[in-house]
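What follows is a set of notes on a single structure, which appears directly below.
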There are 2 protein chains.
Amino acid sequence: MPSRAPLREKASPAPVRNPVRNYDRRLSEILRCATEVFCDKGFAAASIRDISRASGSSLAGLYYYFKSKDHLLFLIQQEAFSSLIAGLEKKLTGVRDPELALRTFIANHLEHFVGNPKQAQVLSHESDTLKGPYQEEITALKRKYYRQCVSLVEQLKQTRQLRGLNSRLAVLSLFGMMNWIYTWYNPAVDGDWKGIADPMAAIFLNGVLGGANRIDK
Amino acid sequence: MPSRAPLREKASPAPVRNPVRNYDRRLSEILRCATEVFCDKGFAAASIRDISRASGSSLAGLYYYFKSKDHLLFLIQQEAFSSLIAGLEKKLTGVRDPELALRTFIANHLEHFVGNPKQAQVLSHESDTLKGPYQEEITALKRKYYRQCVSLVEQLKQTRQLRGLNSRLAVLSLFGMMNWIYTWYNPAVDGDWKGIADPMAAIFLNGVLGGANRIDK
DNA sequence: AGCGTTATGGAACGAACGTTCGTTAACAGC
DNA sequence: GCTGTTAACGAACGTTCGTTCCATAACGCT
């Protein structure tokens, strides 16, 4: 007669000590697994069953932590954007010089993107996947972040008297450079984020400051 | 007693005059419709039924033109890449100056991407969707295109003696700028490709040439 | 008139999908 | 010891998916 208890290999039925902490910990564990699955297969091609497998939960058990597949992607993107913005505001306090501020902006962005490549890919690749209220909330975060960068470029434009500069195009080009990284970054070839942030900031800043302004200085 | 013929509203059973031409014409029509659907919903989320609806074919009728959904995406990407590369080689013949060649490269890329935004989005957004032999063939085209750009940057690096320049990072940053356009381009705001190509080429070329080199000139 | 090729469509297949239902342990507070 | 909450699960629902089978027109050629 076989014993029954040892057969359970899946997430065991919770030795709940601190109820609130346990929920949060398990949720972020699930978000981490789901991020990996979405990164590998893409949101639409990934199934809840894939995430169930990756996280060790049952199919039904997952729905205790999110309302729908869309809601799950929303939670991932919201957390990713929030930590990106939080890191930025912390590093930007007290920085007055626009050029230094832009270098800080770029460094923060790349630190996040190169340090969490899977999260970065889900942010970049699935940035237009959601629809309705979820998308609106993410778009609001994205717009806030975009505007902050435009503001820095406009400050630079004013202090350096760059009359011809198209701030919108400059900022969107910068975002292109940085967000595209998820398609090519290879730590063995490209090193960590510091080795990318400086040359990329150099290209962008030389790019918008232009040749002429260097002579004046 | 109702007549029967007028009830047929769908693609009528082919007044075949020139068999070869008809096949090609219908195929590119289907590719165009499929591009639109893939662009709007993403490859994985788009169904063959969506493409059937958009192209006016029946579900089964489509499979006369491609072997599988993956094959359909392959055909789209192959055609897009081929015309991109063909346009480039035509415009680049006889151009000796590396800077001018790079401006030409950028102009050709943006002309294609801004002129065919839906095709561009499918190329960029689904660049890693296929697997196996299809992906290998597309990757080969992509690598050829990438190498051509690297070669131009290295020529620039040599003639201008830019010792510190990381060609790989520079080219991938340029591709980032250009390919990211599909996420933000709005003809009403940004105008046609000419208004984007020049400022973006300026950012890139000033960026890699750096401030110092301009003083020498 | 008859035949092979080109081109198309209706109907169906099995598989996989997101989600829900009802149930069940484990624990906390009383 | 009882009760409500937390956390998890197996099984199933109805739907949609990519793909295939088979039939059938229209045409070019003989």
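Letters A, B, ... mirror the listed sequences (proteins, then strands); counts begin at 1. Everything numeric here is computed off the predicted structure, so don't read it as measured data. Note: hydrogens, waters and symmetry copies are ignored here, and every other heavy atom, side chains too, is used.
The phosphate of C:dT8 (OP1 or OP2) has no side-chain N or O of B:Y64 nearer than 4.0 angstrom.
Taking the six-membered ring where tryptophan is involved, the planes of B:Y145 and B:H109 are essentially parallel, since the angle between them stays under 30° and well short of 60°.
Contacts classified as salt bridge (charged side-chain N to carboxylate O under 4.0 Å, His left out) and involving residues 56-81 of chain B (residues at least two apart or in different chains) are not found.
Going from atom CG of A:L27 over to atom P of D:dT6 covers 15 Å, rounded to whole Å. Counting to the nearest Å, the P atom of D:dA25 and the CG atom of B:N22 are 20 Å from each other. The separation between B:I30 atom CD1 and C:dT8 atom C1' is 10 Å, rounded to whole Å. Between B:Y23 atom OH and D:dA26 atom C1' there is a gap of 18 Å when expressed in whole angstrom units.
A donor-acceptor pair is defined here as one N or O able to donate and one able to accept, closer than 3.5 Å; no such pair exists between the side chain of A:Q155 and the backbone of A:P98.
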**OP:** Summarise how protein sits on nucleotides 14-19 of chain D as a single string, 5' to 3': B when a protein heavy atom is under 4.0 Å from the base, S for sugar-phosphate-only contact, - for no contact.
**Re:** ---BBB
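Using a 4.0 Å cut-off between a side-chain N of Lys or Arg and a carboxylate O of Asp or Glu, A:E29 and A:R32 do not qualify as a salt bridge. Remark: A:E111 engages A:K91 in a salt bridge, criterion side-chain N to carboxylate O under 4.0 Å.
Two rings, from B:Y185 and B:F113, have their centers 6.0 Å or more apart.
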